[in-house]
Amino acid sequence: MAAVPGFRALFSLRRLMVLQQTFWLNVVPLTTCLPRRLYSVTTKCNEPKKEVNKENVSLLESLCLLGVDVNMARKRQPGVFRKNSTNEQGVIQFLQSKGASNKVIASIISRYPRAITRSDSHLNQRWQLWRKIFSTDDEIVNTLNRSPESFFRSSDNGNLEMNIAFLTSLGIHSKDLYRLLATAPRTFSNSLELNKQMVKCLEDICVELGGQNPEQFAKSVISRNPYIFIRSTKSISKNINTLRTSLNMSNIELLDLLQGHGVEILDLSNEYLKKNIKSLQRKMASLGCNKSDFKKMIINSPGVLYIGSNTLSSKLDCLLKGGITMNQLLQKGKFLELSTKNITGRLEELQKVGYDFNKNSISILDCSQKRFVAKMEKLASLQNN
């Protein structure tokens with residue numbers, strides 16, 4: 001009985017075909033007339049399965065000859081290797097003409113294989129735009145080797161050109177534009193509107209804190225912190241509020257901090273910043289410091305908030321055990337930013353020659369290795385005499 005509906009459908013179809021031959025009627029296509037069950041069976045039997053695009057073998061061979069790590073590239077952007085048309089030879093010849101070695105080119109394509117999809121005209125135009133900021137081709141090649149995505153990710157050269165014009169209009173010096181493109185190239189891939197929003201956010205912060213020159217404030221922050229444009233305005237505002245409330249800072253103190261070395265604090269995630277502030281407050285309280293001392297530490301050495309809580313605690317213990325007082329650290333907390341290995345090694349050397357931090361400066365911990373060695377030789381000579 002299950003076959004009856006299908007039989008009836010075939011019988012009806014035969015009658016319809018007879019009518020068509022007799023009266024020249026327009027009949028709806030076969031596939032729309034058959035019952036769903038019968039049609040689905042026919043599809044499975046007769047229609048070929050769609051094949052997934054296979055990898056371009058000749059492309060893979062070409063890249064392997066260059067020394068590209070195909071496995072790495074395949075993991076990063078597998079779709080590139082299924083394209084029928086790419087411009088790997090054009091990209092290779094272009095980069096070679098700019099002074100890039102085959103090793104550098106292979107490394108660039110291994111880490112960002114989508115580079116081989118860019119046309120010759122796009123590459124030439126983009127290179128010329130970058131040369132408005134970089135002085136030499138070698139500087140661009142070095143940046144590409146460090147961050148291939150910065151050059152090849154965006155295909156919108158018009159947006160890049162508008163961002164360069166906008167940032168230049170803010171009065172940012174060429175050396176600072178160079179730092180932006182070299183260290184945070186994503187700035188120039190942002191939409192122009194997004195970058196304008198960040199500048200307005202910085203100007204609004206200045207006005208809110210009682211600043212008299214919001215344009216100069218924004219310029220100062222951008223010049224000191226090349227990563228500012230790859231942060232969100234929401235994150236920036238949260239960090240400023242955290243500093244204000246946790247340190248009980250006045251508007252003037254906060255404004256000065258943000259225009260100085262404290263601007264880098266804006267890079268931290270808000271949760272990380274809160275965690276480090278609480279941890280340092282607890283540690284300093286256990287050492288007999290009050291809230292005023294903590295505030296003084298941050299104002300003088302804001303970089304300590306970058307250090308993980310456990311690492312910072314062990315550095316404090318190490319320095320205090322080595323004979324440095326808490327008062328000295330409050331004045332020059334930047335010594336906490338030195339590596340633990342560097343701190344430990346120098347303290348051990350200084351103890352051997354009887355160096356007294358109560359009588360001598362702690363700046364010896366922060367001098368260059370060459371100066372430190374010379375100073376140690378002089379102290380050892382005095383000790384022997």
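Positions are given from 1 along the sequence.
In this structure, the side chain of Ser107 does not engage the main chain of Lys103 through any donor-acceptor pair within 3.5 Å. Under a 3.5 Å cut-off, the side chain of Ser381 and the backbone N or O of Glu377 do not form any donor-acceptor pair. Using modelled atom types, one side-chain atom of Lys315 and one backbone atom of Leu338 make a donor-acceptor pair closer than 3.5 Å. Under a 3.5 Å cut-off, the side chain of Asn190 and the backbone N or O of Phe229 do form a donor-acceptor pair. In this structure, the side chain of Asn142 engages the main chain of Asp138 through a donor-acceptor pair within 3.5 Å. Looking at Thr344, its side chain never comes within 3.5 Å of a backbone N or O of Lys341 through a donor-acceptor pair. Between the side chain of Thr311 and the backbone N or O of Ile307, no donor-acceptor pair lies under 3.5 Å. In this structure, Ser279 contributes its side chain and Lys275 its backbone to no donor-acceptor pair below 3.5 Å. In this structure, Ser301 contributes its side chain and Gly303 its backbone to no donor-acceptor pair below 3.5 Å. Side chain of Tyr306 to backbone of Glu337: no donor-acceptor contact under 3.5 angstrom is found.
Going from atom CD of Glu139 over to atom CZ of Arg131 covers 8.0 Å, rounded to the nearest 0.5 Å. In this structure, OG on Ser314 lies 12.0 Å from NZ on Lys321, to the nearest 0.5 angstrom. The CD1 atom of Ile240 sits 8.0 Å away from the CD atom of Glu208 when rounded to the nearest 0.5 Å. Note that CD of Gln128 and CG of Asn157 are 11.0 Å apart. Values are rounded to the nearest 0.5 Å. Interatomic distance, CZ of Arg146 versus CD1 of Ile108, reported as 11.5 Å (0.5 Å rounding). To the nearest 0.5 Å, the span separating CG on Leu194 from OG on Ser191 amounts to 4.5 Å.
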Q: Evaluate the side chain to side chain contact (heavy atoms under 4.5 Å, CB included) criterion for residues Phe217 and Glu203: first the C-alpha distance (whole Å), next the side-chain angles of each, then the deciding distance (0.1 Å), finally the verdict.
A: CA-CA 7 Å; Phe217 174 80; Glu203 291 175 348; over 6 Å; no
Q: List the steps, then state whether side chain to side chain contact (heavy atoms under 4.5 Å, CB included) holds for Ile222 with Ile172.
A: CA-CA 8 Å; Ile222 295 166; Ile172 298 174; 3.5 Å; yes
Q: Walk me through it: do Leu258 and Leu209 pass the test side chain to side chain contact (heavy atoms under 4.5 Å, CB included)?
A: CA-CA 11 Å; Leu258 295 175; Leu209 296 176; 4.2 Å; yes
Q | Worked check of side chain to side chain contact (heavy atoms under 4.5 Å, CB included) between Lys132 and Glu161 | A | CA-CA 10 Å; Lys132 290 183 177 181; Glu161 189 169 16; 3.8 Å; yes
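Checked against a 6.0 Å centroid threshold, the rings of Phe151 and Trp127 count as neighbours.
For residues 106-116, no pair satisfies salt bridge (Lys or Arg N to Asp or Glu O under 4.0 Å), with sequence neighbours left out. Under the side chain to side chain donor-acceptor pair (under 3.5 Å) criterion, the residue pairs touching residues 90-99 are Gln96-Asn102, with sequence neighbours excluded. Applying the side chain to side chain donor-acceptor pair (under 3.5 Å) test to every pair with at least one member in residues 209-225, sequence neighbours left out, gives these pairs: Asp176-Ser223, Asn225-Asp267. Sequence neighbours left out, the pairs with a member in residues 345-356 that pass side chain to side chain donor-acceptor pair (under 3.5 Å) are Asn342-Arg346, Arg346-Gln369.
For the pairing with Val304, the side chain to side chain contact (heavy atoms under 4.5 Å, CB included) check across Leu280, Leu316, Asn276, Leu329 returns one residue only, Leu280.
At a threshold of 4.5 Å between side-chain heavy atoms, the hydrophobic network of Ile, Leu, Val, Met, Phe, Trp and Tyr places Phe166 and Val221 in one connected group. Leu330 and Leu287 fall within the same hydrophobic cluster, defined by Ile, Leu, Val, Met, Phe, Trp and Tyr side-chain heavy atoms under 4.5 Å apart, directly or through other members. If you chain together hydrophobic residues whose side chains sit under 4.5 Å apart, Leu320 and Ile364 fall into the same group.
Under a cut-off of 6.0 angstrom, the local environment of NZ in Lys295 is crowded, with over 12 non-hydrogen atoms contributed by other residues, nucleotides or ligands. Summarising the local packing, NZ of Lys238 is surrounded by 12 or fewer heavy atoms from other residues, nucleotides or ligands at distances under 6.0 Å. Residue His122 places its NE2 atom among more than 12 non-hydrogen atoms of other residues, nucleotides or ligands, all under 6.0 Å distant. No more than 12 heavy atoms of other residues, nucleotides or ligands shown are found within 6.0 angstrom of CG on Asn310.
Scanning all heavy atoms of the two residues, the minimum distance from Ser237 to Cys201 falls at OG-SG, 4.1 Å. Residues Arg76 and Ser110 share a closest heavy-atom pair of CD-O, 3.6 Å. Contact detail for Arg118 and Ser154: the closest heavy-atom pair is NH2-C, 4.0 Å. Closest heavy-atom contact between Cys64 and Val70: SG-CG2, 3.5 Å. The minimum heavy-atom distance between Ala115 and Val91, with the atom names listed, is O-CG2, 3.4 Å. Looking at every heavy atom in both residues, Val80 comes nearest to Ile116 through CG1-CD1, 3.6 Å.
Checking Ser246 against Lys274 by side-chain atom types alone, no donor-acceptor pair falls below 3.5 Å. No side-chain donor-acceptor contact under 3.5 Å links Arg231 and Asn239. Side-chain polar atoms of Gln89 and Ser62 form a donor-acceptor pair below 3.5 angstrom. Side-chain contact annotation: Asn195 with Asn163, donor-acceptor N/O pair under 3.5 Å present. Between the side chains of Ser58 and Glu61, no donor-acceptor pair of N or O atoms lies under 3.5 Å.
The aromatic rings of Tyr178 and Phe134 lie perpendicular to each other, with more than 60° between the two planes, well past the 30° mark.
A salt bridge between Lys83 and Glu88 is absent, with no side-chain N of the basic residue lying under 4.0 Å from a carboxylate O of the acidic one. Using a 4.0 Å cut-off between a side-chain N of Lys or Arg and a carboxylate O of Asp or Glu, Arg126 and Asp156 do not qualify as a salt bridge.
The shortest side-chain heavy-atom distance between Lys291 and Asn248 does not fall under the 4.5 Å cut-off. Side-chain contact between Leu202 and Thr233: absent, with no pair of heavy atoms (C-beta onward) separated by less than 4.5 Å. Looking only at side-chain heavy atoms (C-beta outward), Tyr272 and Leu305 stay at 4.5 Å or farther from each other. You'll find the side chain of Leu365 reaches within 4.5 Å of the side chain of Leu319, heavy atoms only. Asn290 has its side chain out of reach of Phe294: every pair of non-hydrogen atoms, C-beta onward, lies at least 4.5 Å apart. The shortest distance between side-chain heavy atoms of Leu350 and Met376 falls below 4.5 Å.
By the salt bridge (charged side-chain N to carboxylate O under 4.0 Å, His left out) test, Arg153 pairs with Glu149, sequence neighbours left out.
Under a 4.5 Å side-chain heavy-atom criterion applied to ILVMFWY residues, the cluster that includes Tyr227 comprises Ile230 as well.
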